[in-house]
Amino acid sequence: MLDVNFLRENPDKVKELLSRKGVDIKLVDKFTRVDGEWRQKTAALEQLKSEQNACTQSISSAGGKEEFIAKAQILKKRILEITEEHKLLDKKRDGILVNLPNVPFEDAPRGKDELENKTVREVGEKPVFDFEPRDYLDIAENLGIIDVKTAAKVSGSRFGYFMKEGVLMEMALSKMALEAALPHGFIPVIPPVMIRPEIYESIGRLASDQKEERYYMEKDDIYLVGSSEHTLIPLHLGQTLDESELPKRYIGFSTCFRREAGSYGKDTRGVLRVHQFNKVEFISFTRPDDSEREHRFLLSLQEELMQKLELPYRVVENCTGDMGWTDARQFDIEVWFPSQKKYRETHSCSNTTDFQARGMGTKYKTRDGKKEFVHTLNATAFSQRPIPALIENFQTKNGTVKLPKILAEYIGKDEIA
RNA sequence: GGAAGGGUGCCGGAGUGGUUAACGGAACGGUUUGCUAAACCGUGGCCGAGUUUUUCGGCCCGUGGGUUCGAAUCCCACCCCUUCCGCCA
C-alpha cells in the first residue's frame, strides 16, 4: 500500500512515477478527490460524535434528564446517517488505494515492456556444441526425468512429473541454496502455502490483475500462495522489530501455485511455465536506508549460486513497465537456453520498499525511539526453472547430461544417462 | 467434526451498562549520581482538524453487525487459541 500522506502531499510526483509503470494516472486524481470528501465527512462525523459524548456525559451526571436524552436521540440519528455516507467513501478510497502499485525508484530504467529492460552484465561462457543442441524436454523425456504427457492426463496442461535425477537435482539445488544462505544468518522456514484473503490483500498480491493469477478455494475462503514470499512477509505482522535485529533474513521453501491466466499459448510446451512448482526464496526485512544495499547483496547471492552451477546468465534491471506490482526496483536473472538461443528468466530480485510493510504493520524502532516501517525484499534462490537450463547447457551428443562439478557432488554421479 | 473454556496495552492481569482501561512487571527517556543500583517523574497505536516542535477531537478491549441516550460489559455471526473426545500423515 502507498503512503496516504505521500500521495496527498505529492500527487504530481506520484502520477509521474506511476505513469512510468503504465498505470492509469486518473486513479490518482480520483484518489485526491475521494480522499478530500472523505476527510470532510470524517471531520463532520467526529464533530457529531464529540457532541454525542458530551451529551452522554450530561445524562449520566445529571441523572437522566429528559432534555439530554431527547438531544442524544436526535444526534444518534444524524450520526447513523453520516456514518453510512462515511463508510461508502471509506470503501471507495480503499478501493483506489489497493489498485495503486508501488512507485518505482526515480533512477529505475524507464520503459514499456521487457524489451526495454536494461542488461546489467552477462556472465559465463555459452556452451559451444559440435551438434544441433536439443530442447530440454526431448532430452528429459528420453532420460525419463520429466514426464508431462502423463501429467496432462492426470492433472491437465502445465503440470509435470519430475522423476529420478530430476528430483535429485531439485533437492540438490535446495540444499545448495540453504548452505549458501545459512552463514549469512538466514532463518530457514517452510511456511504455510495457504493464506487468508485479507492478509493476501495487504501485502499487495491480490490487487487488480494479480487476483486472476491466484487459486482460491471458496469453501474455505482461502488462497493458495504463488510464492513462499506471500506467507513469509507476514511473519512480522503487526510487530515492531528492534533496530539491532535488522536486517532480518529468511530463506523459505514452498510449493508455489499459479493459474497462469493470460499466458495462453506462452511456453505451453514443457515445464518452464507450470501451475505448480517448488521454489526456495530469500526474504529480508531491513532499515529503509539499507534496502538498496541489501538488494545488491541478495543479487550477489543469486549470482554466486548460478556461477557455482556454471550456467551462462545475464542480469537485467527491469524497466518501469516490466516491474512487479509491489516493486520499486527489480532485477531478473536470465539463463541461456541453447535450443531457444535465448536468455530465459529464472530468478527475480525485488525491493518493495515499505509498500508491503505498511500493509503488514511491520515497523522497527530507531535508536532515538521513533517507529518507522521496515523495507522488505524478496529474491528467488532457486525455482525449478534452472533444471531445464542445466539439461540444455550440459547435454552431450548422445543425449546424456554431464553435470557441473558441484551438482555431481551433491547427487553422487556426474552424468545422467 | 463434537464438547468445554478463553481472546483486554510489550507481558501478566482486574474490570458483567455510565466519560477518563485498576493494579503489577518489563523496556525506553528524564531527574539525581564519582560509577552502578535504588528512588522519583514521564512514555500506547491509528486517524481527523489546526495557530503543524505546544493544541483540540474521534477511534481502538479478536473481527463484523445489533440493542441502548450510552457497550470491554448485553445479543447475533464469524475468526483464532487452549483442553478433552473423534478422525488422521
Side-chain angles (χ1 to χ4, degrees), chain A residues 1-10 31-98 190-202 206 216-223 231 234-246 248 253-255 287 354-374:
Chain A
M1 213 189 309
L2 283 177
D3 181 359
V4 172
N5 286 315
F6 184 74
L7 247 169
R8 278 178 191 155
E9 283 158 29
N10 312 280
F31 176 84
T32 307
R33 208 178 60 239
V34 172
D35 181 55
E37 289 172 34
W38 179 88
R39 285 203 275 176
Q40 274 184 357
K41 199 61 80 180
T42 301
L45 184 61
E46 287 180 1
Q47 172 63 31
L48 283 170
K49 282 196 175 170
S50 178
E51 285 174 36
Q52 185 188 42
N53 287 340
C55 205
T56 294
Q57 252 180 70
S58 302
I59 292 169
S60 108
S61 59
K65 285 265 172 58
E66 296 283 321
E67 50 178 308
F68 289 123
I69 292 179
K71 192 183 167 198
Q73 271 164 345
I74 293 164
L75 278 169
K76 184 188 177 182
K77 221 174 155 187
R78 294 263 359 242
I79 287 171
L80 238 55
E81 285 165 20
I82 306 278
T83 300
E84 278 312 303
E85 294 166 25
H86 187 259
K87 262 191 206 160
L88 273 173
L89 283 168
D90 208 35
K91 228 175 143 184
K92 212 165 153 187
R93 198 178 83 125
D94 283 354
I96 300 166
L97 212 51
V98 299
I190 298 177
V193 292
M194 296 185 202
I195 184 166
R196 305 171 137 219
E198 63 271 25
I199 305 292
Y200 221 178
E201 179 150 280
S202 44
L206 276 188
Y216 175 65
M217 286 164 291
E218 199 171 1
K219 199 169 175 186
D220 301 285
D221 189 26
I222 204 162
Y223 285 90
T231 39
L235 262 176
H236 295 294
L237 170 70
Q239 287 181 20
T240 301
L241 303 169
D242 199 84
E243 184 165 11
S244 62
E245 300 176 74
L246 303 176
K248 190 125 188 166
F253 172 91
S254 87
T255 301
R287 294 173 52 227
D354 60 2
F355 191 79
Q356 294 184 308
R358 184 169 297 106
M360 279 304 95
T362 303
K363 299 182 174 182
Y364 80 104
K365 205 169 173 181
T366 62
R367 287 190 211 291
D368 50 3
K370 284 195 195 120
K371 287 182 181 179
E372 273 182 53
F373 289 113
V374 298

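Bear in mind that the values here come from a model prediction, so they are computed numbers and not experimental data. All values below come from the heavy atoms of this structure, side chains included, with hydrogens, waters and symmetry mates left out. Chain identifiers are assigned alphabetically (A, B, ...) following the order of the sequence lines, protein sequences preceding nucleic acid strands; residue numbering begins at 1 within each chain.
Nucleotide B:rG70 holds its P atom 13 Å from the CG atom of A:L48, rounded to whole Å. Taking atom NZ of A:K49 as the reference point, atom C1' of B:rG58 lies 7 Å away to the nearest angstrom. In this structure, A:L89 atom CG and B:rG48 atom P are separated by 14 Å, rounded to whole Å. One can place CG of A:L45 at 9 Å from P of B:rC59, the figure rounded to the nearest angstrom. In this structure, CD of A:Q40 is placed 11 Å from P of B:rG50, rounded to the nearest angstrom. If you take CG of A:N5 and P of B:rC46, they are 11 Å apart, rounded to a whole angstrom. What separates CG of A:D90 from P of B:rC59 is a distance of 15 Å, to the nearest Å. The separation between A:H236 atom NE2 and B:rC10 atom P is 17 Å, rounded to whole Å.
When the side-chain nitrogen and oxygen atoms of A:K76 are compared with OP1 and OP2 of B:rG70, one or more of them lie within a distance under 4.0 Å. For B:rA49, the OP1/OP2 oxygens have a side-chain nitrogen or oxygen of A:R39 closer than 4.0 Å. Proximity of A:K87 to the phosphate of B:rG65: a side-chain N or O atom is located under 4.0 Å from OP1 or OP2. Between A:Q52 and B:rG70 there is a side-chain polar atom (N or O) within less than 4.0 angstrom of OP1 or OP2. The phosphate of B:rC47 has neither OP1 nor OP2 within less than 4.0 Å of any side-chain N or O from A:R93. For A:N53 and B:rG18, the shortest distance from a side-chain N or O to OP1 or OP2 is not below 4.0 Å.
Taking atom C1' in both B:rG9 and B:rC87, the straight-line distance is 40 Å, to the nearest Å. For the C1' atom pair drawn from B:rU16 and B:rC75, the interatomic distance equals 14 Å after rounding to whole Å. Rounded to the nearest Å, the gap between the C1' atom of B:rC76 and that of B:rG24 is 36 Å.
If you check every strand for non-hydrogen atoms under 4.0 Å, A:Q47 touches nothing. At the heavy-atom level, A:R78 lies nowhere under 4.0 Å from the strands shown. Residue-level contact check: A:K41 touches neither bases nor backbone, having no heavy atom under 4.0 Å from any strand.
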Discussion item. Just to be sure I follow the notation: if a pair is Watson-Crick (purine N1 to pyrimidine N3 plus N6-O4 or O6-N4) or a G-U wobble (N1-O2 and O6-N3), each under 3.5 Å, what dot-bracket string does RNA chain B give, with | for pairs to another strand?
Written reply: ((((((((.[[[..)..(....]]].(((((.......)))))((((((.....)))))).[[[[[..)....]]]]])))))))....
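Out of B:rC47, B:rG45, B:rC69, the shortest distance to the side chain of A:A72 is found at B:rC69. Distances were taken from every side-chain heavy atom of A:I59 (C-beta onward) to each of B:rG57, B:rC79, B:rC69; the shortest belongs to B:rC69.
Residue A:E245 qualifies as enclosed at atom CD: its count of foreign heavy atoms under 6.0 Å is above 12.
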Can you list, pair by pair, the side-chain donor-acceptor contacts under 3.5 Å of residues 85-92 of chain A, counting residues two or more places apart and other chains?
residue: A:E85; atom: OE1; partner: A:K41; partner atom: NZ; Å: 2.6
residue: A:H86; atom: NE2; partner: A:W38; partner atom: NE1; Å: 3.4
residue: A:H86; atom: NE2; partner: A:T42; partner atom: OG1; Å: 2.8
residue: A:D90; atom: OD1; partner: A:W38; partner atom: NE1; Å: 2.9

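Only one option out of A:R287, A:K363, A:K365, A:K371 pairs with A:E243 in a salt bridge (Lys or Arg N to Asp or Glu O under 4.0 Å); it is A:R287.
A:R196 CZ to A:I222 CD1: the interatomic distance, rounded to the nearest 0.5 Å, is 7.5 Å.
In this structure, the side chains of A:R93 and A:V4 come closer than 4.5 Å at one or more pairs of heavy atoms. A 4.5 Å side-chain heavy-atom check between A:D35 and A:L7 finds every atom pair outside the cut-off.
With hydrogens and angles disregarded, no donor-acceptor distance shorter than 3.5 Å links the side chain of A:S50 to the backbone of A:E46.
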